[in-house]
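Shown next, in structure tokens, is the structure this report addresses.
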Amino acid sequence: MLRSGGATDVGLVRSNNQDQFLVTDVLCSVADGMGGHAAGEVASLTAIEALRVAFEADVTADGLAQAVRNANRAVWDRAQEQRDLRGMGTTITAVALVTENDDDVLAVVNVGDSRAYLLRDGNLDQLTEDHSVPEELRRAGRLSPSEAATHPQRNVLTRALGVDPEVEVDCFMVTPYQGDRLALASDGLFNEVDHTEIARVLRTEPDPVKAAQELVRLAREGGGNDNITVVVVDVADDDGRSHRASSTLTATPAAPADAATPPARFRPAPPPPATSPPSPARKATPQNPPRRSGPRVTLRAVFFLFALLAVLGGALGAIGWFARAGYFVGEEDGEVVIFKGRPDGLLWFEPTVADRTGVLLDEVRASRRPDIESGREASSLADARRFVDNNLAPTTTTIPVTTDSTVTTVTTVTAPAVAPPVSSGQPTAAAP
Ligand code: MG
């Protein structure tokens, strides 16, 4: 027989509580939602409700693991249906009393970084493994426990419900003995209250509800940087098993078994307990740096986003450089003009006027006009000006004029001189 109680609190920093907990006669759970606005609350509530319903249909260890997979699918489906819920997710940790081979056992399941602890014979052990970046590194021997506890990426989960259509579920079996006490907690507890302090409260406060409330209170005192949720589960009666065996803690995969369906009753997270205004952080409790207040994301999504932005930025830069790299001699409103850019433009990079020549297109030799009309490309502004000077220079005609006694040569300019570039300061070409 189990006797359980829970407490939850928004903490001192967050504006809403995205944690949820469930306490029934045979099933207890904690979920810590993530996602912008109300998405985190939707994720954790959806998961807890789906877990409860699915477990009622199959109250075995396998049934509990399957219930977590159903909860994952429920959160995933909800996120796909509703645009503003995209990317939401949640952790889940649950313990259930199930019957395996005609014996009562406790099945513990976990996805994410909420935790299940077991207090037995006065010693507190963490049953679950956190699915977070620093904890994976610690298990691989690449970080020390203290480095993992203060790692800046300890909010980044490697596994959560709702972020993929399928999820891997950790499942542990615990043979219960009278006097055993389990605690389920969101990271808002153990990021603020150290292991020794959690063990002390669980050892000294006999009432599960009061023990949960006291742990929540200590987490607020320790900083309250996140939502805090604790569920305490006591093994009140083990049918005399504790007389028969020494302490046993196994962590083996769940095996299928049949069991009668016990009643289960859903109890949503109650309003935060009335607490006094936050007091200064206690010196006895190590305080961790403030937690990021935004939604948590998976490491894979962060890498993907950065890679995508880098590729897009690089491509746009290259196109922009290419589009604005050259010059050409073209025509605008009948005037020969030097443009910067590409003759037909490129994407939204339109050519711009770099210099006006003062030469009218009509005055350009007919054989040169198609070249100008299609845009005669040049490698630089100087190159473009050279082309204008050398090819669009005024044409001259010599007309003999007869007077009474002498022949005088008069030169008529039939095309104006090419105006020099404004910036060059060269003298205007003059007809001879
Ligand atoms: Mg949290």
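One-based numbering, in listed order, for ligands and for the atoms of each.
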Worksheet item: Name of the Asp187 N, O or S atom nearest the Mg ion (ligand 1)?
Response: OD1
Worksheet item: Does any N, O or S atom in Asp226 come within less than 2.8 Å of the Mg ion (ligand 1)?
Response: yes
Discussion item. Just checking Arg142: does its CZ atom have more than 12 heavy atoms from other residues, nucleotides or ligands closer to it than 6.0 angstrom?
Written reply: no
Worksheet, complete the sentence: Residue set satisfying salt bridge (charged side-chain N to carboxylate O under 4.0 Å, His left out) with Arg69, at least two apart, ordered chain then number -> none
Worksheet item: Strictly under 2.8 Å, is any N, O or S atom of Asp19 next to the Mg ion (ligand 1)?
Response: no
Discussion item. List the residues meeting side-chain contact (heavy atoms from CB on, under 4.5 Å) with Arg115, not counting sequence neighbours, and say none if there are none.
Written reply: Tyr117, Gln126, Thr128, Asp130, Phe190
Response to the item:
Looking at Asp32, the N, O or S atom sitting nearest the Mg ion (ligand 1) is OD2
Discussion item. Test your reading of the model: is there a side-chain donor-acceptor pair from Asn227 to the backbone of Asn16, 3.5 Å cut-off?
Written reply: yes
